[in-house]
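For reference, the structure discussed in these notes is given below.
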Amino acid sequence: MQMEWSQPQVQGDLVSPRAGHAGISIDEMWYIVGGGDNNNGCPETLALNMSKLVWSTLTTLKERHPLASEGLSICSAIIDGGKYLVAFGGYNGKYNNEVFVMKLKPRDLSHPKIFQSPAAAAAAASVTAAYALAKSEKLDFPQIIDLNFNGVENNVPKKDINLEINAIKEEKVVLESSIDEARAENSRLREKIDELKSNHTELSKELQSVQSQLISERSRCFKLEAQIAELQKMLESLESIENEVQILRRQKSTLEQEMEVSSTQQQGSGGVWRWIAGGT
């Protein structure tokens, strides 16, 4: 493709989003300083290996440092054969007028420690092992020659080549061991995930059982409430009946008293008449 943007896959340290940063490229490295997200400044000084597309963090400063600013300027300078970065200005709540200088040192970014998860580490290790194997196979020839720009053959010492091959093979063994460890850890994680899924299934079933029990208990409570309401009505009717019984009892007692008085009067009047009749 030509004249088209694409987004390649990059590796290395995590890079936080930012704006207002300053950047400059020196050789195959792209250096980025400062920037922010309107709330906080970015204190990391970053470098991107543009041939390998690998991010690395060169320095991490304190918060509110002048270099953790937006809108600063940066340039490169060569002093006594050494390469330097020179940064100036910026704004992080106040305008800065400090000048900062960083001397660049060569760094080995061929095998950065960039992955965090076991799966990612295994993937990186497999890629590196494949690269090392291909390199060792490529170097494992009877004769290895190097042509200079004038076309003259230069014999490379076999001792150095053997040392390099042995180092690559040792690195391959280490990487394969790392891959095995990562696979074992992934296997353990899968077992834990399966166990958690099983526990989740059992808990879901138990929850459904409890929910069904709650529904049945709720229905039973509704029935009990209806029965209690009916009993309350019955109690109210019994109270009214008891009141009526009390009234009837009082009426009965009154009637009995009246009947006793009338019978007493009748007996008294009868005796007078018998006395009168006997006297005659």
Side-chain angles (χ1 to χ4, degrees), residues 5-37 39-90 92 96 98-135 164 167-168 170-172 174-179 181-182 185:
W5 286 104
S6 62
Q7 187 175 5
Q9 295 293 328
V10 295
Q11 297 177 334
D13 296 335
L14 296 177
V15 178
S16 58
R18 65 192 64 198
H21 50 277
I24 187 171
S25 60
I26 301 176
D27 298 331
E28 63 177 4
M29 303 301 294
W30 179 30
Y31 298 94
I32 293 179
V33 180
D37 58 0
N39 293 321
N40 298 302
C42 297
E44 305 91 3
T45 300
L46 303 171
L48 175 65
N49 188 319
M50 292 182 288
S51 64
K52 300 176 182 178
L53 295 177
V54 176
W55 285 107
S56 60
T57 302
L58 301 182
T59 61
T60 301
L61 306 171
K62 297 180 180 180
E63 294 183 358
R64 311 300 296 177
H65 193 279
L67 284 176
S69 303
E70 298 184 30
L72 50 78
S73 300
I74 189 172
C75 67
S76 63
I78 298 177
I79 304 173
D80 295 333
K83 295 180 180 180
Y84 293 82
L85 294 180
V86 183
F88 174 77
N92 61 350
N96 302 308
E98 292 92 341
V99 176
F100 295 92
V101 179
M102 174 186 285
K103 184 177 181 181
L104 301 178
K105 294 181 180 180
R107 294 169 60 100
D108 183 12
L109 300 177
S110 60
H111 302 290
K113 187 178 181 181
I114 58 180
F115 295 102
Q116 300 297 331
S117 65
S126 62
V127 172
T128 309
Y131 173 78
L133 181 61
K135 190 175 181 180
E164 185 177 359
I168 292 173
E170 290 177 358
E171 185 178 1
K172 177 184 175 184
V174 173
L175 292 173
E176 288 177 348
S177 176
S178 300
I179 292 173
E181 291 178 359
E185 186 173 356

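- With a 4.5 Å cut-off on side-chain heavy atoms, Glu44 and Trp55 do not count as touching.
- Expressed to the nearest 0.5 Å, how far CD1 of Ile26 lies from NZ of Lys83 amounts to 6.5 Å.
- A distance of 13.5 Å separates NZ of Lys172 from OG of Ser177, quoted to the nearest 0.5 Å.
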For this session: Could you go through the side chain to side chain contact (heavy atoms under 4.5 Å, CB included) check for Val33 and Leu67 one step at a time?
Result: CA-CA 7 Å; Val33 180; Leu67 284 176; 4.0 Å; yes

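- Once rounded to the nearest 0.5 Å, the distance linking NZ of Lys52 with CD of Gln11 reads 11.0 Å.
- Heavy atoms only, all atoms of each residue included: Pro43 and Ala68 are closest at CA-CB, 3.8 Å.
- Side-chain contact between Ile24 and Leu85 is present, with at least one heavy-atom pair separated by less than 4.5 Å.
- Listed for the Asn92 side chain is no donor-acceptor partner under 3.5 Å among the backbone atoms of Gly41.
- Closest approach of Ser25 to Met50, counting heavy atoms only: CB-CE, 3.9 Å.
- Put simply, CG on Asp37 and OG on Ser16 are 7.5 Å apart, with the number rounded to the nearest 0.5 Å.
- Closest of all the heavy-atom pairs between Leu53 and Pro8 is CD1-CB, 3.6 Å.
- Note that CG of Leu46 is 12.0 Å distant from OH of Tyr31, once rounded to the nearest 0.5 Å.
- For the atom pair CD1 of Ile32 and CD1 of Ile74, the computed distance is 9.5 Å after rounding to the nearest 0.5 Å.
- The shortest non-hydrogen separation linking Gly35 to Glu70 is C-CG, 3.7 Å.
- Taking both residues in full, the closest heavy atoms of His21 and Gly34 are given as CB-O, 3.4 Å, listed atom of the first, atom of the second, then distance.
- Here the closest heavy-atom approach between residue Tyr84 and residue Lys103 is recorded as CE2-CB, 3.5 Å.
- Side-chain N or O atoms of Asp27 include none that pairs as donor or acceptor with a backbone N or O of Met29 at under 3.5 Å.
- Not one N or O on the side chain of Asp80 forms a donor-acceptor pair closer than 3.5 Å with the backbone of Gly82.
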